[in-house]
Amino acid sequence: MAQLDTPWTPQQTRSQFAAVAWLRWRITVNSLRRKGGASELVGRIFLYLIFAAITLFFVVGAAAAAFYLASEGHLPRIAWLLWGTFVLCQFLNIQLGQPGTTFDPTQLIRFPIRRRTYTSIRLFFGILSPANIVGTLISLAIAVGTSIAVPSLWFYALITLSIFAATNVFFTRMIFAWVDRWLSTRRAREVFTGLIFAVSIAIQWANFNFNPAYNHGHSTHERISPQHLHRVASFYHQARPILAIFPPELTSASLLAAHHHDLPHFVARTLGCALFGALFLAIFALRMATEFRGELLSNAASAATTSGLKPSSTHATQSFIPSAASSTTFGISTIITALLGKELLYLRRHMGILYGLLMPILLVLFFAGRYASASHSEWIFPAAVGYTLLAVAPLSYNAFGFEATGSQLYFLAPVRISDVLLAKNLFSFLMASVEVLAVFAIITYMSGLPSLQTAIAAILWAAGTLAINSVFGNRRSFSTPKKINPLRMANKQTSQLSALISLGVLALSAAIAAGAFLLCALLHAQWLVIPIAAAFATVGILIYTRSLRSIDTFALAHREPLFAELCKQT
Amino acid sequence: MPPAIAALALTRTFDGFTAVDHIDLAVEPGQFFGFLGPNGAGKSTTIKMLTGLLAPSSGSIQILGQDLFSNPIDVKRHIGVVPEGMALFGKLTAREYLLFVGRMYGLDKTTAAQRAAELLEFMGLANEPKKLIADYSHGMGKKLALAAAVIHGPKVLFLDEPFEGVDAIAANTLKTMLQSMIARGATIFLTSHVLEIVERLCSHIAIIHRGHIVANGSLDELRAGVQARLTPTAEPGFTADPTARLTLEQIFLNVVGGQNGSQPGITHPEQELAWLS
């Protein structure tokens with residue numbers, strides 16, 4: 001009781017921060033201790049290395065660009081880099097989301113915690129998102145580039161760009177804090193997912209239409225003509241008075257003021273940027289204050305069902321002994337048809353997967369339009385089929401992720417797990433078929449009918465690839481399952497290593513197919529591609545069938561880690 | 001007639017820790033069997049093994065005379081389960097879920113649809129047909145899980161904490177349904193921490209503690225056993241009233257408390273926590 005009588009001390013508050021940091025650390029360490037944790041760590045390290053390389057590219061590019069602009073006396077144009085940094089951060093936020101916190105931080109309010117402490121914890125917990133890391137490093141790289149070009153500016157550049165970086169981070173934290181509130185209903189989440197999808201599509205469209213890399217040698221490259229650039233520049237000049245009040249322009253203006261030894265203006269503009277940061281932080285704190293008071297963000301009905309026990313309007317059905325589970329409808333097991341129906345319902349109700357399936361088709365639409373010419377037509381269809389498989393292939397690596405505790409039913413019901421997986425794989429195959437059909441129609445419309453032998457060979461190759469992919473996917477679904485929380489944005493569909501394996505299978509399969517195509521071209525025996533692809537598909541399906549025979553034993557041996565992951569509370 | 005549920009020397013170890021240690025169980029057909037134990041005693045592990053969700057380290061399980069491991073499909077056709085996690089599919093509506101489960105248990109579409117409609121109405125879940133299960137409250141989820149467990153008319157029903165988080169009205173609905181199943185000859189294996197409900201529903205009870213069955217029998221047998229144990233060991237001043245009926249809670253506390261080595265029926269854990277106000 002003695003401790004409760006004494007006033008709360010700053011030491012206790014510091015202990016709370018330390019406890020939360022420790023919690024985060026232990027969650028990370030413990031997640032690696034689980035079965036498959038080591039392979040997950042390898043996958044993560046691999047992805048982090050790729051991410052680091054991409055980040056390094058942007059960082060060096062930003063420093064070089066800042067050096068060039070500053071040394072050429074174009075300091076105001078540093079604003080372009082800063083706008084670019086801001087847009088890149090938002091793009092990364094949309095594409096990669098925030099790092100998973102693995103537990104709901106709003107649970108912390110049940111502890112004796114001050115609002116200020118809670119806000120601070122919420123601010124720093126998960127702050128190391130890819131967007132924040134990239135944005136901060138690029139901002140500092142711009143400071144470094146500017147300082148090398150104009151050494152007298154180093155101190156000012158460091159100050160003003162650090163404040164810009166902080167403002168950028170506060171903006172992201174503010175947006176994500178409010179996004180949780182806005183997206184607390186399913187409908188809002190679906191609309192938001194649709195918006196993200198539309199933005200992603202627009203970016204890809206702009207990339208294909210305006211990126212010189214995709215327009216080289218094409219008649220359409222005039223689209224990025226000097227007139228276009230002039231129009232963009234004119235729009236920028238018109239908008240500049242408004243843009244000038246925002247952090248990127250304020251930051252570059254403060255650098256210019258420092259360059260002119262105009263200290264009052266430097267301070268005023270740097271403070272202007274800092275004010276934006278403070279505003280974002282205040283709006284973030286406002287949200288945290290509401291969270292701190294306690295709120296429930298969910299679709300769950302607050303009102304209890306009032307009907308209670310109702311008299312049945314129908315007579316009790318007669319006693320029915322279930323038929324053997326292997327009974328069939330039109331030659332297909334009822335288990336398979338029931339599962340296919342359930343998978344279809346899940347697909348209809350998961351906008352993320354639907355958009356993920358639609359995206360490759362739209363990209364093929366853009367891509368095929370740009371490369372639709374006689375010289376490319378032979379390759380477009382197989383390449384497009386390979387690309388669309390990227391959307392479907394990873395789904396089989398976490399077959400039970402969306403079902404969570406529902407996956408227990410497959411072990412309770414009188415069904416074979418091989419039937420369950422066969423149905424799930426068939427559904428993936430059907431989705432891929434729809435994708436391939438759509439791609440076929442688009443390419444036929446854009447660049448004419450692909451040659452029959454290429455089309456048949458590509459489809460056979462896709463069938464074989466999907467079969468082999470399912471062999472790995474089915475096993476990984478049991479050995480490294482991942483519970484997918486549909487309430488969280490940008491949820492990864494599979495573990496990192498599974499995603500890499502899926503990519504590896506596709507890459508290897510594509511390499512085999514490309515090798516076969518090239519060999520046939522060298523031998524001037526294009527007709528050979530069909531028997532080769534047919535042999536590949538047959539081998540793939542045979543391996544799949546053999547694998548399916550032993551999957552029941554494998555599933556039983558791995559049901560404990562499966563339930564441990566999918567039935568966990570958080 | 002073979003027992004509805006028979007477990008022999010059932011054992012499960014986790015990394016050297018024995019959660020369930022050579023337990024023997026025999027539940028006769030038509031029994032409403034309560035399986036009790038303190039937290040971590042091995043209840044859920046046992047029920048998971050009995051339903052095929054968890055492999056035992058050793059021992060055998062027979063359901064309705066059939067071996068669970070050699071005839072899993074046949075056995076599962078005759079059992080219904082409400083597991084710990086409820087096994088619901090959040091992205092389906094209640095009707096879709098019941099239809100799906102019905103078909104997974106081999107019912108034809110018409111029968112599954114008819115039974116789904118009846119069950120939804122009986123459970124009071126028919127009012128919001130478009131609501132997804134993900135949006136259900138915990139209690140509504142429990143009712144739906146029970147509906148799914150019985151849609152195929154199982155002969156043996158396993159229920160892991162079916163009354164947890166369920167309001168009194170819903171609990172009454174569930175109890176009515178379970179009692180009518182017993183009246184029709186079904187066997188129910190139930191775990192629950194709500195001892196009043198177990199006492200009212202169950203005819204036979206087993207208590208598991210630290211992985212061992214420490215009491216097993218009809219409620220009257222358990223009562224008599226504890227009563228007999230209490231009388232000779234009563235402390236000075238303690239007078240056991242032979243006419244007083246021990247409640248299940250008293251029986252449970254005596255059996256488990258006795259196993260803990262403390263005085264039967266007399267536990268004062270707060271004495272250990274002197275800093276509590």
Side-chain angles (χ1 to χ4, degrees), chain A residues 1-4 186 298-302 304-317 319-327 329 334-335 337-339 341-342 345-346 348-350 402-416 486-487 556-557 559-560 563 566-567, chain B residues 51-55 72-77 79-81 83-92 96-97 99-109 111 114-115 117-118 121-128 131-132 134-137 139-140 148 152-153 167 169-170 172-173 176 275-277:
Chain A
M1 289 300 292
Q3 285 193 16
L4 293 179
R186 180 174 298 105
S298 81
N299 285 76
S302 53
T305 309
T306 52
S307 60
L309 178 58
K310 284 173 114 189
S312 175
S313 62
T314 51
H315 294 292
T317 49
S319 180
F320 181 91
I321 301 298
S323 55
S326 58
S327 62
T329 309
T334 51
I335 302 295
T337 50
L339 276 158
K342 184 239 131 204
L345 287 171
Y346 257 61
R348 264 177 46 198
R349 287 172 190 159
H350 203 286
F402 283 108
E403 290 162 352
T405 60
S407 58
Q408 288 183 320
L409 178 74
Y410 302 129
F411 292 84
L412 295 171
V415 296
R416 278 185 287 270
L487 300 180
L556 286 174
R559 64 192 146 174
E560 286 168 50
F563 297 149
L566 299 185
C567 301
Chain B
T51 54
L53 285 178
L54 184 69
I73 305 282
D74 284 340
V75 169
K76 286 174 185 179
R77 282 178 61 200
I79 67 173
V81 187
E84 202 175 15
M86 294 196 277
L88 299 174
F89 288 80
K91 285 275 181 180
L92 300 184
E96 288 166 350
Y97 177 63
L99 282 178
F100 174 65
V101 172
R103 297 190 68 199
M104 293 294 280
Y105 276 96
L107 298 184
D108 63 62
K109 266 185 184 173
T111 310
Q114 201 174 350
R115 288 187 184 183
E118 278 185 63
E121 222 170 297
F122 183 81
M123 296 288 186
L125 297 172
N127 288 352
E128 295 171 281
K131 190 170 187 167
L132 295 187
D135 300 335
Y136 271 24
S137 68
M140 290 166 81
H152 57 295
D167 66 48
I169 300 167
N172 194 47
T173 307
T176 307
W275 43 269
L276 275 175
S277 59

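A note on names: the letters A, B, ... follow the listed sequences, proteins ahead of strands, and every chain is numbered from 1. These numbers were taken from a predicted model, which means no experiment stands behind them. Worth knowing before you read on, the calculation uses all heavy atoms, side chains too, and leaves out hydrogens, waters and symmetry mates.
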**Report entry** side-chain contact (heavy atoms from CB on, under 4.5 Å) between Arg103(B) and Ile335(A), worked out
**Finding:** CA-CA 7 Å; Arg103(B) 297 190 68 199; Ile335(A) 302 295; over 6 Å; no
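- Considering all non-hydrogen atoms of both residues, Pro414(A) and Tyr105(B) come closest at CD-CD2, 3.2 Å.
- When heavy atoms are compared at a cutoff of 4.5 Å, Glu560(A) approaches chain B solely by way of its side chain, counted from C-beta outward.
- The two atoms that bring Arg559(A) and Gly52(B) nearest to each other are NH1-O, 2.5 Å, heavy atoms only.
- Atoms CD1 and CG, from Ile79(B) and Leu412(A) in turn, are 7.0 Å apart once rounded to the nearest 0.5 Å.
- To the nearest 0.5 Å, atoms CG (Leu556(A)) and CG (Leu54(B)) are separated by 11.0 Å.
- Residue Ala404(A): no heavy atom, backbone or side chain, is found under 4.5 Å from chain B.
- Applying the side-chain hydrogen bond (donor to acceptor under 3.5 Å, both in side chains) test to Tyr97(B) and every residue at least two apart in sequence or in another chain returns nothing.
- When all heavy atoms of Met86(B) and Gln408(A) are compared, the pair lying nearest together is N-OE1, 4.3 Å.
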Report task. Kindly indicate, with the supporting measurements, whether the criterion side-chain contact (heavy atoms from CB on, under 4.5 Å) is fulfilled by Leu339(A) and Met104(B). Result -> CA-CA 8 Å; Leu339(A) 276 158; Met104(B) 293 294 280; 4.1 Å; yes
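- With sequence neighbours excluded, the residues forming a side-chain contact (heavy atoms from CB on, under 4.5 Å) with Glu96(B) are Leu345(A), Arg349(A), Leu92(B), Thr93(B), listed by chain and number.
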